[in-house]
Amino acid sequence: MRPWAPPPGTIAEFRLKDDASAAAVASVGITIPRDGYCKLRLSDKRWPALLDALTAVLPGEDHLFTSNWFIEPEPKTADAEWFIPWPARELENVRTAPADLHYAYRRGLYLCSDRFIATIESHGLTGLDWLSLTECHPDDPRQWFELFATTPLGRGLDHPLFNRAAYEVGYKNRPFDMSRRHGQDSTRGGHDGLDRIDDPLLRRIIAASPPKQFNIRGPRRFVREFLPATDFAYCGWASDRDRGPGSDGRQARTICCNARARQILLDAGLLTAFRFQPLLIVAEADANAPILDREIDAPLPPPVYTPSEAAAERTRRAAAPLPPPPPRRPRLKFKSFDHAIRTLQHRLDNGTTSWLPAQRDPDAASILEAIALSDVTDAWRIISPLLPLRVVDEDEDGGSPFIFEMCAPRRNDWLPVATPEGRNKRPSSDDLVIGESPFGDDFTVRRTDPNWPRDARVYLWDHETASINRQWPGIVAFIAYLIDLCDRKARG
């Protein structure tokens, strides 16, 4: 194998030992972020001065950092041949899916809408199969499916410095199942592979890092000559042996797509560009690591369902009893903001509220004061005293719980401003938090909304995926939703 050098753009992310280390870092012009993780390109000319300064304040220390990770850059999207299209969010109940959501994830399952399937079929994209969900009723406005890839992308490549021998000796103290073997994109810690590094400065940086808190992380790599001729494929699988068909029995198959399929999904508006993680595809001659697809004489793990298993599962689901038809409960609506104010005030005056208004809740005083003094929308400032401080629907329409807790407004000042491409697709510093859930999800309004400051669209952001869990066209629709939940809960 050839000597290894970090790809251009590789960053070292390291933590320091103490205040003396911090002063040494500052002396060479490096700023320490609030989280304590310093980031410096390996090509930065300040490395020799940094190492000398740390050595001076830590004489006799074997390691100058408490941890250090080398993070290699991802491939450029424009040059990438294959991608992982990460789902926009985790979706528990497909009947409450937002209208613009077409690809999601749920406890090991990849889910997609009928519009996603129609796009795949109309463009003749290959490598995917799907099964209808038994929870969907024919009268549902949208149908949803379980989606899975039918062809493996290949085993991929280990990182060039990965200690293959140590890894394959055993896994969790039992013999390693070579059929489960796939490429590892990091070195798994330690200083293995130093003999393949010629650069003395790079060797010095690694030697200054504690072996148990050092590794090199790179992009997932696959060999071009072993790629399938399909538009979709799967990569990755759990180390434990399969227990049978289905996502419960065959875990961790990740759906991938080629550049052609990616562009079709983008053009159809099914996913946005930032959801696609590029994979690094290299020619066999440039692998600089053992070709696992050639060397391992063991069958690749099967897809979530083989063709015969999918046919049997399709028959089983077709014979399953239909779920109840979708609920057709009328939802509360207000014609305008003034109509909402009049209605809520009238119910407060005649004692027909199904909620405790925040203005009468002793726990809400500081929150209402903060709302009155903050730059929330005019609508929220006026109507918040009339609303409940907390709204709970433990099992809304059979899905995950909906919990709203009014909070003192705060800005997402740690997030970047939304880019034009990502606007309305991810949280940003344009957002003002007006409520939260106990799970860490935020209800926000966006200060760049065209209707600001009178009104603004309301978003519920999933804290795990940084994506929209739900949205309402404005404050009026949002408060109608909250009051409707309170009324329905009161009716039992």
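We're numbering straight along the sequence, starting at 1.
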Are Tyr167 and Phe162 close enough that their ring centers fall under 6.0 Å?
yes
For Phe70, is the NZ or CZ atom of Arg217 found under 6.0 angstrom from the centre of its six-membered ring and inside 45 degrees of the ring axis?
no
Partners passing salt bridge (Lys or Arg N to Asp or Glu O under 4.0 Å) against Asp44 (at least two apart in sequence or in another chain)
Arg46
Keeping the roles fixed (side chain from Trp86, backbone from Phe274), state whether a donor-acceptor pair exists under 3.5 Å.
no
Using 4.0 Å as the upper bound for N to carboxylate O, is an ion pair formed by Arg95 and Asp140?
yes
Quick check against the 3.5 Å criterion: does Arg188 have a side-chain atom that pairs as donor or acceptor with the backbone of Ile216?
no
The side-chain contact (heavy atoms from CB on, under 4.5 Å) partners of Leu270 (sequence neighbours excluded) come to His102, Arg115, Phe116, Thr119, Leu265, Ala268
Arg220 side chain reached by Leu280 side chain, heavy atoms, under 4.5 Å
no
N/O donor-acceptor pair under 3.5 Å between Thr352 side chain and Leu348 backbone:
no
Measuring only between side-chain heavy atoms, which start at C-beta, is Asp242 closer than 4.5 Å to Gln251?
no
Quick check: Phe148 with Tyr305 (ring centres under 6.0 Å apart)?
yes
Distance-only side-chain donor-acceptor flag, Trp452 / Thr377, under 3.5 Å:
no
I'd like to know if the side chain of Arg250 reaches the main chain of Pro303, judged simply by a donor and an acceptor atom lying under 3.5 Å from each other, with no hydrogens or angles considered.
yes
